[in-house]
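Contents: one structure, followed by commentary.
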Amino acid sequence: MLPINLIREKREFIIERLKVKNFEAEEIINKILKLDSSRREIQSKTDLLQGEMNRISKEIGSLMKDGKRDEANASKEATYSLKEEIKVLTDKLVPIDIDLRNEIIRLPNLPHESVPGGHGADDNIKVREGGIMPVVSETALPHWDLIKKYDIIDFDLGIKLTGAGFPVYKGKGAKLQRALISFFLDEGEKAGYLEVMPPLMVNEDSGFGTGQLPDKEGQMYHATLDNFYLIPTAEVPVTNIYRDVILNADKLPIKNIAYTPCFRREAGSWGAHVRGLNRLHQFDKVEIVRIAHPDHSYESLEEMVNHVENLVSKLELPFRILKLCGGDMSFTSALTYDFEVWSAAQKRWLEVSSVSNFESFQANRLKCRFKEKGDKQTRLVHTLNGSALALPRIVAAILENNQTGSGIKIPKALIPYTGFDIIN
RNA sequence: GGAGAGAUGGGUGAGUGGUUUAAACCAGCAGUUUGCUAAACUGCCGUAUGGGAAACUGUACCGGGGGUUCGAAUCCCCCUCUCUCCGCCA
């Protein structure tokens with residue numbers, strides 16, 4: 001949510017920046033400014049009348065105390081018309097406030113000045129790449145065949161228990177999940193992140209705070225009896241820890257890491273290229289979240305990108321880092337880097353992490369502010385998050401890239417966690 | 001699921017219709033004095049928004065929403081949440 005002051009003061013700038021996201025903002029902004037100025041006009045009139053009202057009421061109070069009944073009654077008469085006026089004004093104000101808010105939350109976050117224009121994945125910019133491309137034989141199997149061959153992940157069983165997209169991990173497959181989760185958490189802890197284990201269901205306020213609600217309602221599983229939502233990512237509960245909080249500047253940056261299962265309905269987005277582990281309704285992910293000082297949030301972003309790069313490097317996966325173009329970025333992001341790893345048998349890049357700076361866009365919804373020592377004014381923090389990492393596609397890449405005649409080799413860094421070095 | 005009690009500033013907690021301008025204490029910040037692992041004293045100490053160069057000042061906010069009243073933290077209604085006991089249960 002963009003602050004109303006910014007919209008008021010930098011109308012042209014916002015319209016220009018949002019064009020990078022292919023968003024035509026002029027009409028909405030004009031509407032916002034119109035609503036805002038009538039809101040302010042009515043509000044200041046109301047404040048004036050209310051002040052008068054308060055003054056008279058106090059007067060009546062002291063007259064009553066002095067026993068001057070008649071004078072008090074005369075003053076009461078004077079308030080009737082005032083009261084009526086105030087009611088007329090506030091009745092006008094309520095729908096304006098609602099409209100204003102509904103319009104403001106339609107505006108996406110401004111992209112950072114370095115974000116290139118563009119409409120889709122083809123316009124993203126490759127920042128760098130690393131790792132060694134694996135050499136696999138012509139008969140290399142895609143992971144959905146490998147998991148059957150070694151009986152480590154069972155989709156059919158998941159269908160029996162729940163439905164498509166809810167796999168059952170078995171034996172070394174299950175152990176590999178646990179190993180990756182522990183590995184990612186340990187690496188995060190070494191990098192100074194505090195681990196948290198949040199609830200997997202959140203309320204409506206939390207859904208609003210990080211931007212899932214009201215727009216992306218259909219993407220989340222909804223427990224309607226209690227009005228809870230299953231989290232689509234740990235970003236939601238972890239970032240909402242800081243909802244309605246005023247932090248001391250010296251506490252920043254706050255660095256949290258959390259492992260959670262993630263639940264996504266992915267309604268309507270199923271297709272041929274999302275077989276196997278490429279897209280699931282339930283999957284595991286370790287997420288890093290930062291609450292940063294606005295002056296240093298881009299340093300935080302770089303550190304997070306480096307952290308994720310370190311993870312994929314240690315897993316010996318060939319990767320590339322993309323800076324997303326305006327058209328491919330999310331509604332809430334100001335700058336996003338995507339990590340993709342090479343999947344040798346599918347011969348495609350798979351997105352395994354998305355690291356973003358939301359600047360103050362989420363903070364404004366969350367009302368997460370900070371105060372500089374000795375300063376009276378509060379300011380909005382910047383929030384950031386990134387996957388570090390999402391498991392299924394990492395597993396897909398490890399299985400496909402490391403397949404040999406004698407089995408699937410486990411990356412060295414992971415062996416202390418799995419307790420085995422090959423799946424056969 | 002049943003019964004009861006409650007929700008007040010960073011914390012504890014007073015306030016049941018008008019000197020409350022939300023007390024007091026604790027924590028925090030600034031200063032004074034003594035002089036040294038510190039104490040005493042004084043002052044400041046919520047958020048948002050409007051006006052003002054600033055000092056200052058108007059308005060709203062006591063879990064959320066509505067109502068009664070000239071006036072509501074206080075009275076009424078609805079909702080949410082928390083605690084205690086009972087039931088159920090890992």
Side-chain angles (χ1 to χ4, degrees), chain A residues 1-9 32-33 35-102 104-105 197-209 213-214 222-229 237 240-252 254 291 360 363-381:
Chain A
M1 186 162 69
L2 297 175
I4 183 71
N5 302 343
L6 188 76
I7 301 172
R8 218 179 277 147
E9 285 157 24
I32 289 170
L33 292 176
L35 287 165
D36 179 54
S37 74
S38 49
R39 188 197 69 81
R40 297 210 292 166
E41 195 191 322
I42 295 171
Q43 186 66 61
S44 62
K45 271 188 203 165
T46 310
D47 285 357
L48 227 61
L49 294 176
Q50 193 60 253
E52 180 66 5
M53 192 76 169
N54 290 342
R55 197 184 59 74
I56 295 174
S57 293
K58 255 178 217 165
E59 213 172 75
I60 293 173
S62 61
L63 286 172
M64 297 286 263
K65 190 153 269 179
D66 296 346
K68 297 176 181 168
R69 256 223 137 116
D70 295 343
E71 284 181 54
N73 283 330
S75 288
K76 273 191 200 178
E77 302 271 336
T79 63
Y80 297 148
S81 67
L82 263 179
K83 205 182 175 184
E84 189 53 37
E85 268 185 89
I86 291 169
K87 183 159 170 47
V88 169
L89 288 175
T90 48
D91 283 352
K92 258 200 226 172
L93 202 56
V94 169
I96 289 174
D97 274 337
I98 293 168
D99 282 358
L100 185 58
R101 181 185 164 87
N102 286 341
I104 289 175
I105 63 174
M197 277 187 118
L200 305 182
M201 292 181 141
V202 294
N203 60 27
E204 224 171 313
D205 285 344
S206 295
F208 178 82
L213 296 175
H222 188 190
T224 51
L225 209 55
D226 294 295
N227 199 23
F228 294 153
Y229 292 87
N240 272 283
I241 291 172
Y242 306 97
R243 170 157 52 84
D244 291 322
V245 165
I246 299 173
L247 298 154
N248 287 329
D250 58 19
K251 290 258 166 38
L252 303 175
I254 289 169
I291 311 293
S360 59
N364 194 33
R365 288 179 158 232
L366 292 159
K367 298 263 174 297
C368 180
R369 293 153 290 174
F370 74 99
K371 227 185 225 186
E372 215 82 59
K373 197 180 164 83
D375 216 336
K376 222 178 169 180
Q377 201 67 34
T378 63
R379 294 167 67 190
L380 292 169
V381 299

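Note that the structure is a prediction, hence the values are computed from the model and not measured. Side chains are part of it too, since the values below use all heavy atoms of this structure and drop only hydrogens, waters and symmetry mates. Letters A, B, ... are given to chains in the order of the sequence lines, protein chains preceding strands, and every chain is numbered from 1.
- Regarding A:R8, its CZ atom lies at a distance of 9 Å from the P atom of B:U49, rounded to whole Å.
- Across all strands shown, A:T378 has heavy atoms under 4.0 Å from sugar-phosphate atoms exclusively, and none from any base.
- For A:R369, counting side-chain heavy atoms from C-beta on, the closest listed nucleotide (B:A48, B:C70, B:U59) is B:A48.
- Between the CE atom of A:M1 and the P atom of B:A48 there is a distance of 14 Å, given to the nearest Å.
- Nucleotide B:U20 holds its C1' atom 10 Å from the NZ atom of A:K58, rounded to whole Å.
- Only the P atoms considered, B:U59 is 28 Å distant from B:A7, to the nearest whole Å.
- Which of B:U59, B:G18, B:G50 sits closest to the side chain of A:S57 comes down to B:G18.
- The distance between atom OH of A:Y80 and atom P of B:G71, rounded to the nearest whole Å, is 9 Å.
- For the P atom pair drawn from B:C78 and B:A5, the interatomic distance equals 15 Å after rounding to whole Å.
- Comparing the same atom, P, in B:C81 and in B:G64 gives a spacing of 15 Å after rounding to whole Å.
- Separating the CG atom of A:D244 from the C1' atom of B:C81 is a distance of 15 Å, rounded to the nearest angstrom.
- Between A:R55 atom CZ and B:G58 atom P there is a gap of 13 Å when expressed in whole angstrom units.
- Nucleotides B:U80 and B:A60 place their P atoms 29 Å apart, quoted to the nearest Å.
- Contact annotation for A:I60: base contact, defined as any heavy-atom pair under 4.0 Å involving a base atom.
- Using a cut-off of 4.0 Å between Lys/Arg side-chain N and Asp/Glu carboxylate O, A:D91 and A:K87 are scored as salt-bridged.
- With C1' as the reference atom, B:G58 and B:G4 are 44 Å apart, rounded to whole Å.
- Counting to the nearest Å, the C1' atom of B:G51 and the CG atom of A:L48 are 10 Å from each other.
- The distance between atom CG of A:N364 and atom P of B:U49, rounded to the nearest whole Å, is 10 Å.
- To the nearest whole angstrom, the two C1' atoms, one in B:U69 and one in B:C86, are 42 Å apart.
- No side-chain donor-acceptor contact under 3.5 Å links A:S44 and A:D47.
- Among the heavy atoms of the strands lying under 4.0 Å from A:K371 are primed sugar atoms or P, OP1, OP2 only; no base atom is included.
- Atom name C1', nucleotides B:G63 and B:U8: the rounded distance is 10 Å, in whole Å.
- Taking 4.0 angstrom as the limit, A:N54 places none of its side-chain polar atoms (N or O) nearer than this to OP1 or OP2 of B:U21.
- With hydrogens and angles ignored, no donor-acceptor pair closer than 3.5 Å exists between the side chain of A:D47 and the base of B:G50.
- Residue A:Q50 places at least one side-chain N or O closer than 4.0 Å to OP1 or OP2 of B:A60.
- Distances shown here put a side-chain N or O of A:R40 below 4.0 Å from the OP1 or OP2 atom of B:G50.
- Judged by distance alone, with hydrogens and angles left aside, the side-chain atoms of A:R365 form a donor-acceptor pair with the main-chain N or O of A:F208 at under 3.5 Å.
- Separation of the P atoms belonging to B:G13 and B:C83 is 15 Å when rounded to the nearest angstrom.
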